[in-house]
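Following: one structure in structure tokens, then a few remarks.
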Amino acid sequence: MSHNLHDAVEIARFGNEEGVEVFYQAIEQNYNTPDDAEWYLHSDNWPKHPAQATATVGKLIELKREGYRIANSYEQLEAMVSYFGDPGANRMAIMAHSAHESRRSCVALTNLQLQANGDVTVCTGAPTVGNIKQAPIRQIWEERPKLWESGCCLEKRCSVDELSNIVPASSLQAAST
């Protein structure tokens with residue numbers, strides 16, 4: 001993000017010692033805020049100079065090739081380069097933490113996010129599915145709505161152009177389990 005981009009390479013150097021790994025996540029729209037397709041245009045967190053962000057990620061890729069302990073895959077880092085270059089076309093895949101995957105599926109199949117108040121969500125585009133103060137997490141997970149059965153919310157939340165940049169529509173459907 002804009003506030004720590006200048007330290008990203010130094011953090012990789014700092015973390016390059018035995019027993020330490022660094023994992024980077026591209027800045028995205030704040031969780032629990034109304035969906036805003038252009039959030040990056042008015043956010044103080046978005047890098048003021050996206051070209052600097054792509055150059056920084058490029059340097060991280062170089063450091064990883066040199067053996068630095070950067071836990072991200074090359075695919076994850078390359079997805080960040082694309083994202084900083086065109087955030088509008090890549091934001092949903094970044095938010096779903098699946099931009100690096102060649103075949104994506106509905107995040108409700110694998111995502112579980114706990115909020116500070118105990119609420120549990122499985123997708124940023126769907127309401128909470130439970131609260132850990134009221135039910136055990138295993139019960140919430142097993143009884144969560146099968147959102148993928150009615151089609152991934154990406155199909156509803158993205159424009160046709162944005163969706164085609166994310167993934168072929170046939171890949172959004174989850175395999176029967």
**OP:** Give the minimum heavy-atom separation between Ala12 and Ile70, together with the two atoms involved.
**Re:** CB-CD1, 4.1 Å
Original post:
Given the rule in the side-chain contact (heavy atoms from CB on, under 4.5 Å) test, do Asn72 and Lys64 qualify, once you have shown the distances and angles that lead to the verdict?
Top reply: CA-CA 9 Å; Asn72 301 79; Lys64 182 172 178 69; 5.7 Å; no
Original post:
When rounded to the nearest 0.5 angstrom, what is the spacing between OG1 in Thr128 and CG in Leu114?
Top reply: 12.0 Å
**OP:** Answer with yes or no whether the hydrophobic clustering places Met80 together with Leu5; edges join I, L, V, M, F, W, Y residues whose side-chain heavy atoms lie under 4.5 Å apart.
**Re:** no
Original post:
Between Leu63, Val22, Asn16, which is the residue that forms a side-chain contact (heavy atoms from CB on, under 4.5 Å) with Arg69?
Top reply: Asn16
Subject >> Closest approach of Gly85 to Thr54 (non-hydrogen atoms, all atoms of both residues) >> reply: N-CG2, 4.0 Å
Original post:
If you take all heavy atoms of Ser2 and Lys48, which pair is closest and at what distance?
Top reply: OG-NZ, 4.2 Å
**OP:** Mind checking the CD1-CZ spacing from Ile11 to Arg13? Nearest 0.5 Å is all I need.
**Re:** 12.0 Å
Subject >> Side chain to side chain, Phe14 and Asp7, heavy atoms closer than 4.5 Å >> reply: no
Original post:
Can you tell me how far CZ of Arg138 sits from CD1 of Ile132, rounded to the nearest 0.5 angstrom?
Top reply: 14.5 Å
Original post:
How many angstroms lie between NZ in Lys59 and CD in Glu66, if you round to the nearest 0.5 Å?
Top reply: 5.5 Å
Original post:
Roughly how far apart are Gln52 CD and Phe84 CZ, rounded to 0.5 Å?
Top reply: 10.5 Å
Original post:
Does Glu62 come within less than 4.0 Å of Arg65, counting only side-chain N to carboxylate O?
Top reply: no
Subject >> Closest contact, heavy atoms only, Ile61 versus Glu78 >> reply: CD1-OE2, 3.3 Å
Original post:
Leu41, Trp46: one ILVMFWY side-chain cluster at the under-4.5 Å cut-off?
Top reply: yes
Subject >> NZ or CZ of Arg144 within 45° of Trp141 ring axis and under 6.0 Å >> reply: yes
Subject >> Candidates Leu60, Thr56, Val57 - the one meeting side-chain contact (heavy atoms from CB on, under 4.5 Å) with Tyr24 >> reply: Leu60
Original post:
Heavy-atom distance under 4.5 Å between the side chains of Ile27 and Pro47, does that happen here?
Top reply: yes
Subject >> Atom pair CD (Glu38) and CD (Gln29), whose distance is rounded to the nearest 0.5 Å >> reply: 11.5 Å
